[in-house]
Amino acid sequence: MSKPDPDFHKVAQEKAAKCKQYIDSLDQSQLKGNPQAIADAIDDFAQENRIMTIGAAKSEEIRNRLRQSKPKHGAELGVYVGYSALRFAPLVSGTYYSLEVIPEYRDIAQHFIQLAGLTNVKFLLGDSATTLVKLHDELNLSEPSKRSVLDFLLIDHAKELYLPDIRTVETLNLVTVGSVIVADNCKMKYGVPAYLEYIRSTPEARRQFIETEPNPNGYYPGRWNILYENTPVDFGFDAIEVSVVKAYLDG
């Protein structure tokens with residue numbers, strides 16, 4: 001896939017608004033307090049309207065992994081209508097942070113989250129380079145007596161930001177041994193291949209990359225000494241990359 005069309009976000013916002021209209025037209029008593037029912041209804045809408053949600057098949061794969069890992073804190077880069085938060089936040093025992101740059105998307109997602117009765121979702125609005133720093137501060141304010149980290153991170157926003165933002169995540173020490181990082185849309189040819197090459201590379205290759213390639217996000221070079229266990233999961237129409245932090249090397 002090439003670089004997105006300039007009208008991409010205009011169309012995506014129109015579809016997001018239509019999705020809200022569709023959900024609001026349904027029997028609210030069947031949806032209130034039921035995040036999975038709302039997500040299922042969004043899937044029904046998506047049958048006739050292609051929208052930017054991770055979808056049922058991929059979300060169930062991730063939910064199975066979360067059931068095993070039992071994360072305390074989670075986050076997502078890219079919110080859109082809040083579908084992923086509806087699917088994953090109920091499996092996070094602490095706070096699920098939703099980072100979004102477009103206010104209209106945040107507002108629709110917030111509407112669905114409130115309808116679902118989810119109280120552990122917190123939205124951070126702004127570009128990811130800024131909101132990741134806010135997320136770092138939020139985590140440390142939540143438990144000032146110890147360093148808090150993300151046990152789960154979903155990367156599902158602008159594809160050209162996958163690589164700069166994982167480097168920022170590493171530099172801010174937002175993940176630790178056992179953290180699960182999932183990148184969506186891994187069959188896209190724009191932005192994602194650079195992320196995959198980085199996350200799959202050896203520590204030595206990553207160190208050379210960090211030393212020669214500045215991060216567009218600013219001073220967030222990344223961490224060469226993180227060992228990842230990477231698992232691509234192919235769904236035919238798309239793929240996700242599951243990366244688990246296995247260890248930190250000395251250095």
Side-chain angles (χ1 to χ4, degrees), residues 31-43 52-100 105-106 108-126 128 131-157 165-166 168-170 172-184 228-229 231 233 240-246:
L31 303 177
K32 189 174 182 180
N34 193 336
Q36 299 315 306
I38 300 171
D40 288 344
I42 295 172
D43 283 332
M52 298 188 299
T53 57
I54 198 166
K58 290 185 284 184
S59 64
E60 188 56 27
E61 170 71 24
I62 297 168
R63 280 168 58 82
N64 286 336
R65 292 175 181 272
L66 296 184
R67 292 184 185 104
Q68 295 175 2
S69 63
K70 296 179 172 55
K72 181 174 183 180
H73 296 302
E76 61 184 7
L77 301 178
V79 172
Y80 195 45
V81 297
Y83 179 90
S84 297
L86 291 166
R87 290 295 193 198
F88 306 141
L91 296 173
V92 173
S93 62
T95 304
Y96 188 89
Y97 296 91
S98 292
L99 282 59
E100 178 56 61
Y105 294 164
R106 186 276 315 272
I108 292 172
Q110 203 163 41
H111 173 74
F112 291 155
I113 293 301
Q114 290 172 350
L115 177 61
L118 290 172
T119 59
N120 68 329
V121 178
K122 183 162 188 175
F123 292 92
L124 299 178
L125 183 65
S128 52
T131 52
L132 282 170
V133 177
K134 291 181 182 177
L135 173 57
H136 172 269
D137 295 340
E138 288 277 345
L139 282 167
N140 283 280
L141 284 172
S142 68
E143 296 181 271
S145 63
K146 64 177 182 178
R147 185 174 71 88
S148 295
V149 296
L150 296 174
D151 304 295
F152 169 67
L153 173 64
L154 173 65
I155 304 175
D156 192 15
H157 58 336
D165 286 349
I166 192 59
T168 303
V169 165
E170 292 176 340
L172 291 171
N173 294 315
L174 288 173
V175 293
T176 191
V177 173
S179 294
V180 178
I181 303 167
V182 178
D184 190 24
Y228 293 106
E229 179 181 80
T231 306
V233 184
I240 61 173
E241 183 88 358
V242 181
S243 303
V244 180
V245 178
K246 301 303 290 184

Exercise for the section: Would you give the length of the straight line joining atom CD1 of Ile54 to atom OG of Ser84, rounded to the nearest 0.5 angstrom? Expected result: 5.0 Å
Side-chain donor-acceptor distances from residues 110-118 under 3.5 Å, at least two apart:
residue, atom, partner, partner atom, Å
His111, NE2, Asp24, OD1, 2.9

Fill in the blank from the handout: One should read off an interatomic distance between Lys122 NZ and Leu135 CG, to the nearest 0.5 angstrom, of 10.0 Å
Problem - Ser179 and Asp151 side chains, donor-acceptor separation under 3.5 Å - result: no
Exercise for the section: Look at the aromatic rings of Tyr97 and His73 and report parallel, tilted or perpendicular, splitting at 30° and 60°. Expected result: tilted
Problem - Close side-chain approach of Leu153 and Leu77, heavy atoms under 4.5 Å - result: yes
Practice task
Just do the side chain to side chain contact (heavy atoms under 4.5 Å, CB included) check on Leu150 and Val180 with the steps written out, would you?
Solution key: CA-CA 8 Å; Leu150 296 174; Val180 178; over 6 Å; no
Handout entry: Minimum side-chain heavy-atom gap Leu99-Leu132 below 4.5 Å
Key = yes
Fill in the blank from the handout: Closest non-hydrogen contact found for Asp43 with Gly55 is OD1-CA, 4.1 Å
Exercise for the section: State, with a plain yes or no, whether a side-chain heavy atom of Tyr83 is found less than 4.5 Å away from one of Ser59. Expected result: yes
Practice task
Evaluate the side-chain proximity of Thr231 to Glu241: yes if any heavy-atom separation is below 4.5 Å, no if none is.
Solution key: no
Handout entry: Working for side chain to side chain contact (heavy atoms under 4.5 Å, CB included), residues Ile42 and Thr53
Key = CA-CA 9 Å; Ile42 295 172; Thr53 57; 4.1 Å; yes
Practice task
Return the orientation label for the Tyr105 and Tyr80 ring planes: parallel under 30°, perpendicular over 60°, tilted otherwise.
Solution key: perpendicular
Practice task
State whether the side chain of Glu76 and the backbone N or O of Ser98 hold a donor-acceptor pair below 3.5 Å, judged by distance alone.
Solution key: no
Problem - Considering all heavy atoms, the nearest Ala109-Val79 contact - result: CB-CG1, 3.3 Å
Fill in the blank from the handout: Interatomic distance, OG1@Thr131 vs CG@Leu124, rounded to 0.5 Å, equals 6.5 Å
Handout entry: Donor-acceptor under 3.5 Å (Asn120 side chain, Ala89 main chain)
Key = yes
Handout entry: Heavy-atom check, side chain of Thr168 versus side chain of Ile166, under 4.5 Å
Key = no
Problem - Whether Gln36 side chain and Leu86 backbone form a donor-acceptor pair below 3.5 Å - result: yes
Exercise for the section: Looking only at non-hydrogen atoms, find the nearest pair between Arg106 and Glu100 and report the distance. Expected result: N-CG, 4.1 Å
Problem - Check: Arg87 main-chain N/O paired with Arg63 side-chain donor or acceptor under 3.5 Å - result: yes
Problem - Backbone N/O of Asp156 and side chain of Asp184: donor-acceptor pair under 3.5 Å - result: no
Exercise for the section: For the residue pair Asn173 and His136, confirm or rule out a side-chain donor-acceptor distance under 3.5 Å. Expected result: no
Fill in the blank from the handout: To the nearest 0.5 Å, atom CG of Asn34 lies from atom CG of Asp40 at 8.0 Å
Handout entry: Interatomic spacing from CZ in Phe152 to OG in Ser69 - rounded to 0.5 Å
Key = 8.5 Å
Fill in the blank from the handout: In short, Val182 meets Ile62 closest at the heavy-atom pair CG1-CD1, 3.8 Å
Exercise for the section: Using the salt bridge (Lys or Arg N to Asp or Glu O under 4.0 Å) rule, take Lys58 and Glu61 through it: C-alpha gap first, then chi angles, then the decisive distance, then the call. Expected result: CA-CA 5 Å; Lys58 290 185 284 184; Glu61 170 71 24; over 6 Å; no
Problem - Candidate pair Val245 and Thr176, rule side chain to side chain contact (heavy atoms under 4.5 Å, CB included), full reasoning - result: CA-CA 6 Å; Val245 178; Thr176 191; 6.0 Å; no
Exercise for the section: Using the side chain to side chain contact (heavy atoms under 4.5 Å, CB included) rule, take Glu229 and Ser243 through it: C-alpha gap first, then chi angles, then the decisive distance, then the call. Expected result: CA-CA 5 Å; Glu229 179 181 80; Ser243 303; over 6 Å; no
Handout entry: Test item: Asp137 and Val133 side chains (from C-beta on) under 4.5 Å apart, heavy atoms
Key = yes
Problem - Heavy-atom side-chain proximity of Val233 to Ile240 below 4.5 angstrom - result: yes
